[in-house]
Each structure stands twice: as C-alpha cells, then as structure tokens.
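What follows is a set of notes on a single structure, which appears directly below.
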2 protein chains.
Amino acid sequence: MFSKTTEYALRAAIYIAQKSTADKKLGIAEIAKAIDSPQSFTAKIIQQLTRGNTLVSSVRGPNGGFFMTEKAKRLPVRVILDLMGEDSKFQTCILGLKQCSELKPCPMHFEYKPIKEQLISLFADRSIESLAEDINNEHAFINSRNKRG
Amino acid sequence: MFSKTTEYALRAAIYIAQKSTADKKLGIAEIAKAIDSPQSFTAKIIQQLTRGNTLVSSVRGPNGGFFMTEKAKRLPVRVILDLMGEDSKFQTCILGLKQCSELKPCPMHFEYKPIKEQLISLFADRSIESLAEDINNEHAFINSRNKRG
DNA sequence: ATATTTAAGGATATATTTATCCTTTATTAT
DNA sequence: ATAATAAAGGATAAATATATCCTTAAATAT
Ligand code: FES
Ligand code: FES
C-alpha cells in the first residue's frame, strides 16, 4: 500500500503522539527503536514531518527532541500522508492509467471507487491521538516485537 | 497501489483477453502500443504471465504471438496478481508491521481489514473477460489516449 | 565562554524497480 | 534446407527508493 518511508512516518508520528508532550520530548534513538526502523533514515523522515510546524515539533540541544502538541495530536492521520507527499496516492488509477476519471474510466474504476473512498475516510476520520490511545491501553501495537523487545 | 510492473501486467492481460483468440494472436508491439507501456519491459512481464500456461499462451515464429483461450479469459483478475507475485500484497500490515495479525494488531487493523477484504473480492469476483467486455463496448478504456492515438 | 547534547542537512552508498538492447530458440513460409 | 518472423532469455543501464555517515547548527548546562 505505502512505501517504507511512509510506513515509518506513520509509525513514528503515532509513537510521538503516544509518548511525548511539550515537556517530555523524545530522541530519535528512542523513536527508531520503538517503531523498529533504521535510525538515520527515520531521522530524515521525521524532519519532513516537522515542516510547517503543524504536526511534529522539534528542539535541538540537551533535553531536546521531538514532540507533538495536544492540538497536533488531534489532527487526522491524513495529515501525515500529506506531509509525506502521498496525498495524491488516492487519486491514481488502479490499472495505472494516467488519469483516473469518470469520463474515461478503466474497467475497474466503478468498483474500485467506493473502496477508494473508504480508504480516504479511514485516514480522514481518525485522529492520530485516537490511534495512540489504542496502543496505550494495549488494544493495539506499533511494532512486531514481544514484550522483552 | 500496485507497482508499474503489475499495472502493465493487468492492462496487458486485459487487452490480450479483449483482442486475441487462438486464431488471432497479438504481437508484443501491438500490445505495448495499445496499453501505452514500454515494449521490451512489457515483453518480460507478459513472459511471466505465460508461466504455467494457465493464463496467457504464446507461440513463436511467423503468425505467432500471444493469446488467451476462452477458458483462460474466464479466470478472475486475481490470477494475474498471483502470477506477478503480488498475491501477498493483501496480507501485509498498512503500517508496515512485520505481521498483520488479530493477536497483535496495529491501531488501524480493525478498520482496514474490511476494506482489505473488499479489495480481495474486487479481484476475486470479476473475470478478466468481463473487464475486456467493458472495453469492447466502450464502457471502459485501457489507455489514456484519445481516439486519434 | 566552553563543552555537551541533539536535531538539521549534505554527501554518498546500497538495493530495488524500471527499462533497454542484443543474442538465442522455436516456428513458419518459401 | 534456407530465410524470415516472433517470442524467450541474458546482460546491462538508468532511475528511484532505501539507508548510512559525517559535518553543521542550535540549545543547554557548567
Ligand atoms: S480510471 Fe482506473 S481507477 Fe479510475
Ligand atoms: S496489523 Fe496492521 S493492518 Fe493488520
């Protein structure tokens, strides 16, 4: 579905929402370990998520790190995809036609469309925070490791 | 959603289903032009679709080319994905966890699951032939070009 | 002021995907 | 038999995605 880059972005943002506050910032080492991703690569990706300062915030130096404000945590998952440039993902034709259009539809278009719309609302409806909560109360998990790590 | 490779495979198979019979084989040049894909690359991909001789058949030499039997045309679209090794695509976790599992679900799992199931039936339910028919009667299209080409 | 910490950014490496080209093999037509 | 045709297959190239490493800049603590 998504590139590894975007998968790491989703997991990182959810983890930052789960564990950080303005007073409790997270370092890149902790984040990468928690979400099971390559550290340097993840650093670049989180940088992208800080652009515009609407989603992830960062502070350099001692006691610095990454965090999300309560307001940012309430944003929909979609915002992560937008910052990763994957927002156009849901505009594309499933057979790879240059345009996905009702006027010149591919033979799967009309059956794919309602599914695509559900995917769009999947990311539009839920807040990053609500996903983080599911992890906090152990209804869900953000990595595939067992409790010993 | 899919790699370019798989997109070309889907379009090529649908086109072969639409235009070929055992008596009217199609050359790679015609196919690649019709589906707007790079010819040599498409040749390799169609080769994959001939493995096992269940989907696409091929004959070398003069009057040779690619075709599908009526039986093959009735197969579900899913068969194309299987031959392209994309069958596992729908087993993966949307956040990239190593396992997609009910026991250790990611925070999007339970909402993503029913959508994933619809995607699976999308490819399981419709025959390649029925997609080809939509193109034949101009209810659908297999490239983005206008009628002049 | 200086040293320490941590993210930002640049340069580069590796792997994978996408694509082309050329040779070989099978089939047909003459 | 020979030449022509068309797919099969191998080698290689180009583009993109993934990943690492090192230097720079900003913030803090001493
Ligand atoms: S045209 Fe193919 S999905 Fe819309
Ligand atoms: S665990 Fe993530 S989709 Fe199933």
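The shown structure was predicted, so the numbers you read here are calculated from the model rather than taken from an experiment.
- Here D:dT18 presents its C1' atom at 14 Å from CZ of A:R11, a figure rounded to the nearest Å.
- The separation between B:I46 atom CD1 and C:dA19 atom P is 14 Å, rounded to whole Å.
- For the 3.5 Å distance criterion, the side chains of B:E86 and B:T6 qualify, holding a donor opposite an acceptor.
- Residue contacts for A:S3: at a heavy-atom cut-off of 4.0 Å it reaches the sugar-phosphate backbone alone, with no base atom in range.
- One interatomic measurement links the two molecules: CG of A:L49 to P of C:dG9, which rounds to 14 Å at whole-angstrom precision.
- For A:E30, the side-chain contact (heavy atoms from CB on, under 4.5 Å) partners two or more places apart in sequence, or in a different chain, are A:Y15, A:L26.
- Evaluation of the salt bridge (charged side-chain N to carboxylate O under 4.0 Å, His left out) rule for A:K113 yields A:E102 as partners, not counting sequence neighbours.
- For D:dT30, the paired nucleotide is C:dA1, the pair qualifying as Watson-Crick or G-U wobble because both relevant distances are below 3.5 Å.
- In this structure, B:S40 reaches the bases: a heavy-atom distance under 4.0 Å links it to at least one base atom across the strands shown.
- Distances from the side chain of A:F41 to the nucleotides C:dT20, D:dT20, C:dA7 place D:dT20 closest.
- An OP1 or OP2 oxygen of D:dT18 is reached within less than 4.0 angstrom by no side-chain nitrogen or oxygen of A:Y8.
- Between the side chains of B:T50 and B:S58, not a single donor N or O lies within less than 3.5 Å of an accepting N or O.
- Heavy atoms only, all atoms of each residue included: A:I135 and B:P107 are closest at CD1-CG, 4.0 Å.
- Distance A:Q39 CD to D:dC22 C1': 14 Å, rounded to the nearest Å.
- Across the interface with DNA chain D, nearest-nucleotide mapping of B:R51 and A:T5 shows B:R51 to be the residue nearer the 5′ end.
- A sub-4.0 Å separation between OP1 or OP2 of D:dA6 and a side-chain N or O of B:S58 is absent.
- Here C:dT18 presents its P atom at 12 Å from CD of B:Q48, a figure rounded to the nearest Å.
- The pair B:D134-B:R126 meets the salt-bridge criterion, with a side-chain N (NZ, NE, NH1 or NH2) lying under 4.0 Å from an Asp/Glu carboxylate O.
- Between B:T50 and the phosphate of D:dA7, there is no side-chain N or O to OP1/OP2 separation shorter than 4.0 Å.
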Using atom names, set out every protein N or O paired with an N or O of nucleotides 14-16 of chain C below 3.5 Å, distance rounded to 0.1 Å.
none

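- With sequence neighbours left out, A:K98 forms a salt bridge (charged side-chain N to carboxylate O under 4.0 Å, His left out) with B:D36.
- Contact annotation: B:Q47 side-chain N/O to D:dG9 OP1/OP2 distance is under 4.0 Å.
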Please list, pair by pair, any protein nitrogen or oxygen found under 3.5 Å from a nitrogen or oxygen in nucleotides 28-30 of chain D.
residue: D:dA29; atom: OP1; partner: A:N63; partner atom: ND2; Å: 3.3

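- Among residue pairs with one or both ends in residues 55-71 of chain B, those qualifying as salt bridge (Lys or Arg N to Asp or Glu O under 4.0 Å) are B:E70-B:K73; sequence neighbours excluded.
- A salt bridge does not link B:E7 with B:K4: none of the charged nitrogens is closer than 4.0 Å to a carboxylate oxygen.
- Distance B:I28 CD1 to D:dA8 C1': 12 Å, rounded to the nearest Å.
- D:dT12 atom C1' lies 11 Å from atom NZ of B:K44, rounded to whole Å.
- In this structure, B:K25 forms a cation-pi arrangement with B:F67, its terminal cationic atom sitting closer than 6.0 Å to the ring centre and no more than 45° off the ring axis.
- Among the heavy atoms of the strands, none lies under 4.0 Å from A:I45.
- Taking atom CD1 of residue A:I31 and atom C1' of nucleotide C:dA7, one finds them 11 Å apart after rounding to whole Å.
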